[in-house]
Amino acid sequence: MSPRRTETGGRIDRLRTIRFTFDGAPYTGHAGDTLASALLANGVTLFGRSFKYHRPRGLLSAGVEEPNALVTVLRGEVREPNIPATMVEIYDGLVAVSQNRTPSLAWDIGAINQLGGKILSAGFYYKTFMGPVIGPLKGTRFWMFCEHFIRRAAGLGKAGTAPDPARYERMNAFCDVLVVGSGPAGLMAAKAAADQGARVILADLEAHFGGSANWSGETIDGMPAADWAQRMAAQLAGNDNVRLLPRTTVWGYYDGNTLAALERVTDHKEVAAKGEPRQRYWAIRAGTVVLATGSFERPLVFPGNDRPGVMLAHAAGRYVNEYGVLPGQRVALFTNNDSAYRSAVALKKAGAAVVAIIDVRSDVSNEMRRLASDAEAELLAGHAVVATEGGKALTGLKVQRFDAMSGSLSGDERSIHADSLLMSGGWSPTIHLASQAGAKAEWDPARQAFLPPKPTQRWIGAGAFTGSFSTAEAIAEGRAAGLQAAGGTASSAPLPVVEAAPGDPDPAPVFEIRAKGKSFVDFQHDVTAEDVRLAHREGFVSVEHLKRYTTLGMATDQGKNSNVPGLAIMAEALGKPIPEVGTTRFRPPYTAVSIGSLAAERFGDLKPERLTPMHDWHIANGARMYSAGLWYRPMIYGLPGETVEQAYVREARATRDSAGIVDVSTLGKIAVQGPDAAEFLDRVYTNMFSTLAVGKARYGLMLREDGLAFDDGTTWRLGEQDFLMTTTTANAGKVMQHLEYFLDVIWPELKVTVTSVTDEWAGAAIGGPNARSILAACVTGTAVDNATLPFMGIVHGRIAGVPVMICRLSFSGEMAFEVYSGAGYGTRVWEALIEAGKPFGLVTYGLEALGTMRIEKGHVTGAEIDGRTTARDLHLDWMLSKKKPFIGSAMMDREGLIAPDRLELVGLIALDNRALNGGGHIVEELDEANPHDSIGHITACCYSPALGKYIALALVKGGKARHGTRAFVSDPLRNRFGPVEIVSNHFYDPDGSRMHG
């Protein structure tokens, strides 16, 4: 028999022995044990070391709220840190290790931090490491020097680096009623909703349904509550309209009654069955949600409350009743409410000696006095624990008389020998999901707790979640919630009968016992009561500032234990009631969520590989492909032995000499249609589109609402109410969202539809002096001469029998045409154009040559429209209409956006005939040893075959005024320094004669 395992009791399978290791030592447990219960049964009291002080820590709880006993689970080379030992189900071969200790858990050199005293108080890193001057360690350099050592000394678990071979799944589910929590309230809600014919999902983070029924020791309908819960779960499992999700944590509540959940499918197994994933991520869309998530017992704040052996009272009751494990042999309890007395009776029945019950209240009820008598415990009413004794395990405690009204201590201290101290500071409903759903919690002075807010989405609360802490209330509220969620009417059927020990759920408003020694509020982050008061003294009085300055309630804890005690101490310091201090909003995730489950099947490259209709032709004809945004596009069509630069120079030169063709299918294409389409485009673009004639196109510029440039492109008027908008490849999705937002939210009265048709059209741009002749050789059904197809004109015809739409526009500075056909005919049209171009020496060219020609011409793309530039910066102010308002017009003339020293678009020519690099800085004076005083940066660069020089586009302060001057490129990362000349961004054909000829 294990040192603390009871001879009988619990819901473990004593006939099945499980073998596992913790910190390399072998242990045994039974099927149904958690790592926490199995280690406790083996007499282990030391589970971890604290975050900052490296104090020894034992178990505080028995559930998901455990802040101390965080472990790393090893599966081969894969390590998963920061898992509460209370949530790890043991299996044969389990390997777990403790965290945050060097060299071992028993002898941790980091414990020397406990000698730091006030030096390591809240915010110590801000005050100590930000700014002192020690020799060369000036300003933040001292912090950078210390950071490595601090990170080694403080923290939680260490993340692994080995690839995770496990498989993860994603699931989407829809239901009428989602019930979160399977305690008595959740079971009754699920049953009531299912009986109404609703589609029900019941999710619970534990392995077994039943919640508190599994360890309360109560009876329901004449049977042990755990058996009643098991029967209810079996009934639900037999319903076709019910899905049961055990080991599933609902961790996020989002808009539209969409909830996120994580199912741990095989974490409790030594070997997963064939086809089983490790974890499954659920996106659940529910008609109505029933929140039956229960409540957390709060710790009391007193000196030494973090010592191994100090535990929450309900956790001790759970270890006894569910796992058959005693928290200690000699047990004392410290409480401000009645619930701890039930734990005392359960411990006595299991064989522990309950030596004392210390209650801060002097007026303990007769019912509680009888329970204390049943537990054969000395009742010390009007007393408080003022200290604990021991090292890596509790050996005793000290108590003193206490006045709950004034918070004062009196009389002599009294020592009590005990190896376990159980505390209960009241209960906090688990309202995390309700808070995430979008409302502020409400303080209940009787319960001394924050209760759930009024719903802003379709959810209903039941049980301890609402502050109804008795099982009878939970059952009644659960059935009512299930009926309401399913649209049923009140039932007259009798409710299950509950037999439970008496008790008042309202605690005394006592959160802290102020005495000498460290009193911990947040066990996970080593935040003491004095840290909270220090934050107050230093001005961090907002609950949000308190949280960040002290780290109270951060990381995996999320305030489950520490939130209310911390707020109570701050409220006392401020001299305000707790509701005026308020509470932080609980943020998802409720518990840690693995990145693997979020990615699930979408691992590796998380973006889809989008291929143009001519992709296979490009591959077959020697194109070197690369990813451009979401698309794969040809970079070059290299000849044997050619470098990338040689290939794009050849392609660009051939295009300018005769003709070239490029795949432009990736351009964003949006159909804008409806009676108000022209008016809508006038509002979206900076220039006019309502005056555009049918059969013509126009270049347009969009601004963001803040006046900065957003996107450019051409829009074609195909009919009076029918426009085809083209956007840059990278911005297609963003522009679509932009248009939809303004139509749906800002101008819903406009009769306009926008439809993404990017994938419906294949596009080829053919440009160069012979481009018109090539088109004339293969287009039927229309002429392509200058009169029929002028600049920015549109015609319809056929190529190789395929209907095509042709617009004359140029991105290269040459006479050029964009030819669009249905995507399914893209390759056919492409090949026909190439065949017609053979007598003219037509070449195919890729993105490198395309970029080269656009740089030579001075056109802007996403490199220049980077979210920081204005139309004026890019010399596009001629497109800003003075006849109409448009998106961004109200903000574009702000002082900062018209300042004379803004970065403006310029051209650069390398005077040393060496290649330039994107991102390189431009400076007026070159200092290679200490680069400084940047006046701008390069946005795009290339070798220009038209100029025979290395050139670039750049954004430079006061750029236009610097034309004809010299500066330097300063690129220390690539060791590129040298002189440049600043010129106009229009390097090639500035008057447009080639494009318009």
- Query: So, Arg264 and Thr249: side-chain donor and acceptor under 3.5 Å apart, yes or no?
  - Reply: yes
- Message: Parallel, tilted or perpendicular, judged at 30° and 60°: which one describes the rings of Trp251 and Tyr281?
- Response: tilted
- Item | Partner set under side chain to side chain donor-acceptor pair (under 3.5 Å) for His525, not counting sequence neighbours | Asp522
- Which of parallel (below 30°), tilted (30 to 60°) and perpendicular (above 60°) describes Trp427 and Phe469? tilted
- Message: If only side-chain N and O atoms count, and only distance matters, is there a donor-acceptor pair under 3.5 Å linking Ser98 with Asp23?
- Response: yes
- May I ask you to check whether Asn82 and Gln99 show a side-chain donor-acceptor distance below 3.5 Å? yes
- Message: With a 4.5 Å cut-off on side-chain heavy atoms, are Leu59 and Asn68 touching?
- Response: no
- Quick one: sort the Tyr319 and Tyr323 rings into parallel, tilted or perpendicular, breaks at 30° and 60°. tilted
- Query: Taking everything shown except Lys392 itself, do over 12 heavy atoms lie less than 6.0 Å from its NZ?
  - Reply: yes
- ring-ring contact (aromatic ring centres under 6.0 Å, His included) between Phe51 and Phe523, intermediate numbers included: CA-CA 8 Å; Phe51 180 84; Phe523 293 83; over 10 Å; no
- Query: CZ of Arg5 to CG of Leu326: how many Å apart, nearest 0.5 Å?
  - Reply: 10.5 Å
- Can you tell me if Gln279 and Asp267 form a side-chain donor-acceptor pair at under 3.5 Å? yes
- Message: Can you tell me how the ring of Phe47 sits relative to the ring of Phe22, calling it parallel under 30°, perpendicular over 60° and tilted otherwise?
- Response: tilted
- Message: Counting neighbours of NZ on Lys349 that are heavy atoms of other residues, nucleotides or ligands and sit closer than 6.0 Å, is the number greater than 12?
- Response: no
- Do Thr72 and Glu80 meet the criterion of a side-chain donor-acceptor pair at a distance under 3.5 Å? no
- Ring-face cation of Arg57 near Phe520 (centre distance under 6.0 Å, axis angle within 45°): yes
- Which residue, Arg11, Arg318, Arg247, forms the salt bridge (charged side-chain N to carboxylate O under 4.0 Å, His left out) with Glu206? Arg318
- Over 12 foreign heavy atoms within 6.0 Å of NZ, Lys269: yes
- Does Lys518 count as lying over the ring of Tyr53, i.e. NZ or CZ under 6.0 Å from the six-ring centre, within 45 degrees of the axis? yes
- Message: Just verifying a value: how many Å separate Ser295 OG and Arg447 CZ, rounded to the nearest 0.5 Å?
- Response: 10.5 Å
- Should the heavy atoms of other residues, nucleotides or ligands under 6.0 Å from CD of Glu442 be counted, would the total exceed 12? yes
- Going by atom types alone, do Tyr168 and Arg278 pair a side-chain donor with an acceptor below 3.5 Å? yes
- Regarding Lys560 and the six-membered ring of Tyr590, is the cationic atom NZ or CZ under 6.0 Å from the ring centre and inside 45° of its axis? yes
- Side-chain donor-acceptor pair under 3.5 Å between Thr466 and Glu477, yes or no? yes
